[in-house]
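What follows is one structure encoded as structure tokens, with my remarks underneath.
Per chain, numbering begins at 1; letters A, B, ... match sequence-line order. These figures come from a predicted structure and were not determined experimentally.
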2 protein chains.
Amino acid sequence: MVAFNHNAISQGEIPGVQTRQRRSRLIDFVRVRGFASLDDLVRELGVSESTIRRDLDALEEQGTARRTHGGVLYAGGHARLSEFDERQPAHWAAKRAIAAAAAERIDDGETVLLDGGTTTYEVARLLVGRSIQVVTNSLPVANLFASESRADLVLLGGYVSPRTGVCLGPYANELLGRLHVTTTVLSAAGITAEGLYNAHLLLAETEQAMLRAAGRVFVVADSSKFGRKSLTFVSGLDSIDLLVSDTGLSAEWRQQIKAAGVDLVVVDPAPLEPLDGDHDSHRDDRTKPPRERHT
Amino acid sequence: MVAFNHNAISQGEIPGVQTRQRRSRLIDFVRVRGFASLDDLVRELGVSESTIRRDLDALEEQGTARRTHGGVLYAGGHARLSEFDERQPAHWAAKRAIAAAAAERIDDGETVLLDGGTTTYEVARLLVGRSIQVVTNSLPVANLFASESRADLVLLGGYVSPRTGVCLGPYANELLGRLHVTTTVLSAAGITAEGLYNAHLLLAETEQAMLRAAGRVFVVADSSKFGRKSLTFVSGLDSIDLLVSDTGLSAEWRQQIKAAGVDLVVVDPAPLEPLDGDHDSHRDDRTKPPRERHT
DNA sequence: TGACTCATGGTCGCTTTCAATCATAATGCG
DNA sequence: CGCATTATGATTGAAAGCGACCATGAGTCA
């Protein structure tokens, strides 16, 4: 009939059974949705706004949820990798533009091997929803495709590097030795006339295995990477088929890349200066819906 | 002169360079933080609140961001696995309680092998921050530990099942054959007197390999799993060391489990009363006449 | 039984946020 | 340059959210 509350303990802070169960349902709801407004929760749980507010206060103090003006975020277990956090947004613009150029050169039905790194991550984001097979050693990339039934996903195993979230080690290399993919998209920490360099010893080996597994090799690297060496040598320029970079790349480098027999694509991250005059590459397929004006 | 004002409605056009750059910085900021308030963005980008609002309108229409009252969420590339979404919250309470009992029986310094599944995921959540080594075939579990420098993480590779986010196939089994862990935490789709059952053919093989790699074996399964078979047989009860379940487990089952030489831990999801059935019994209060207003 | 605690729902005033509007500065174009 | 368009910042009234307070009802304990 009416609410029964069998709470026997009067320790002050311990909530009763009903309360606990409702809060449990609440965080489950928020966990699934990622975000919920106060009103959503009132409707979902069938209690008053006041009660929801009290629940949120308790859950926030407990650390499970995070309140915002007008709603809640799920705060439990959302880990973020430092590599993706610390970058300054300026470079992201170049990375995105480079990624777009690389992604549009990948066809449906291909098997694509995606390296770790922020630029390849952007490539991966643009490939979500496409009908392709994806092979990767990167946890963030794998997450993008994990719930996509459109794409098949193969993940390389091994030891996971905490900072970058990529799988390393002999096991990953071994698995790579048995795979063949149509296109590999590789990142690099440094590029010189000799070839690609990377900052991680184990990763270099893995990337070499990636090169061997590939039909064709794309390298995505913004212009700041050129002329810089890094810890270990990965590969010569001759194993690269296509290199995508941004307009910050000097004329000398462009020539040198082309001289090595590598196809070079240079993209303009944000047409700030009329360097090449053409900034009309923006297709406006979005017809503006006539916004209703409120009187 | 006409009094028309085009400003308010002509926002669907191509934005200028500066605007585009700022919006790019904006989504980068939101991407990193997950959520940002209007005020955060004003401070971060150094423009007025009105401008931020216009940016958010544009980005929301474009699908990159999602507005809430008082802030923005990042909306790009957050994939969620269906298995974690569709569960009814009632079971989550039992799962959490079971997980807590299992997690507190794992010591610092151990090497723990975590299976896929929602209950083992809860175990994993409780192990975050502990000094342990983690081996898993589950992508969601791996995500929990990926940015944790406290714990070493080894991920099994192979084909990733889209619905559950676990790695399957011969590659995973092969790597497991070369590993040894102190404790394996296993889930099950069904448990009978004969042993554990699972719903996935390939996963059964992987779980058998997990059993072989383990020093001791925990099985976490809520009481609804008992007496149910599933697609394939995984293992007999004799390979299990500890079974954790909830109080819904009947006395017959408890006896049968113990008779098989398995340690049994039964936890109470809601420590005082099961309380199933109607939970919103305050409904009839709504017909109460409006109370006097207080000044 | 009566005092007490817990959980809840409703209402108040106050604060924040929102959308819309206007005015001005910056930009683009012939 | 002059004109048109866009981008921005400030303002304003309306709406929504918030914390605090109080009343009610159920259950517990002495």
In whole Å, I'd like the distance from the [atom1] atom of [X] to the [atom2] atom of [N].
{"X": "B/Arg23", "N": "D/dT6", "atom1": "CZ", "atom2": "P", "result": "13 Å"}
{"X": "A/Leu41", "N": "D/dG17", "atom1": "CG", "atom2": "C1'", "result": "14 Å"}
{"X": "B/Leu45", "N": "D/dG9", "atom1": "CG", "atom2": "P", "result": "11 Å"}
{"X": "A/Asp57", "N": "C/dA7", "atom1": "CG", "atom2": "C1'", "result": "15 Å"}
{"X": "A/Leu56", "N": "D/dC18", "atom1": "CG", "atom2": "C1'", "result": "12 Å"}
{"X": "A/Asp55", "N": "C/dA7", "atom1": "CG", "atom2": "C1'", "result": "10 Å"}
{"X": "B/Arg22", "N": "D/dT6", "atom1": "CZ", "atom2": "C1'", "result": "12 Å"}

Got a sec, which residues hit side chain to side chain donor-acceptor pair (under 3.5 Å) with [X], two or more places apart in sequence or on another chain?
{"X": "B/Thr68", "answer": "none"}
{"X": "B/Glu252", "answer": "B/Ser250"}
{"X": "B/Arg105", "answer": "none"}

Identify the pairs formed between an N or O of the protein and an N or O of nucleotides 15-17 of chain C at a distance under 3.5 Å, and give each distance.
| residue | atom | partner | partner atom | Å |
| --- | --- | --- | --- | --- |
| C/dT17 | O3' | B/Gly70 | N | 3.4 |

Exercise. Salt bridge check: are B/Arg67 and B/Asp57 linked by an N-O gap of less than 4.0 Å?
Worked result: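 Counted as a salt bridge, because a side-chain N and a carboxylate O are separated by less than 4.0 Å.
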For this session: Kindly say if B/Thr51 contacts the phosphate of D/dA7, meaning a side-chain N or O under 4.0 Å from OP1 or OP2.
Result: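 Answer no for this pair, as no side-chain N or O of B/Thr51 is under 4.0 Å from OP1 or OP2.
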Exercise. For C/dG9, does OP1 or OP2 lie under 4.0 Å from any side-chain N or O of A/Ser48?
Worked result: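 Looking at the OP1 and OP2 atoms of C/dG9, one of them is under 4.0 Å from a side-chain N or O of A/Ser48.
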With sequence neighbours excluded, tell me which residues meet salt bridge (charged side-chain N to carboxylate O under 4.0 Å, His left out) with [X].
{"X": "A/Asp39", "result": "A/Arg43"}
{"X": "A/Arg54", "result": "none"}
{"X": "A/Arg254", "result": "none"}
{"X": "A/Glu49", "result": "A/Arg53"}

Problem set entry | Exercise: identify the closest heavy-atom pair between B/Thr120 and B/Leu114 |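 So the two residues come closest at O-CD2, 4.4 Å.
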For nucleotides 11-15 of chain D, tabulate all protein N/O to nucleotide N/O atom pairs closer than 3.5 Å, reporting atom names and distance.
none

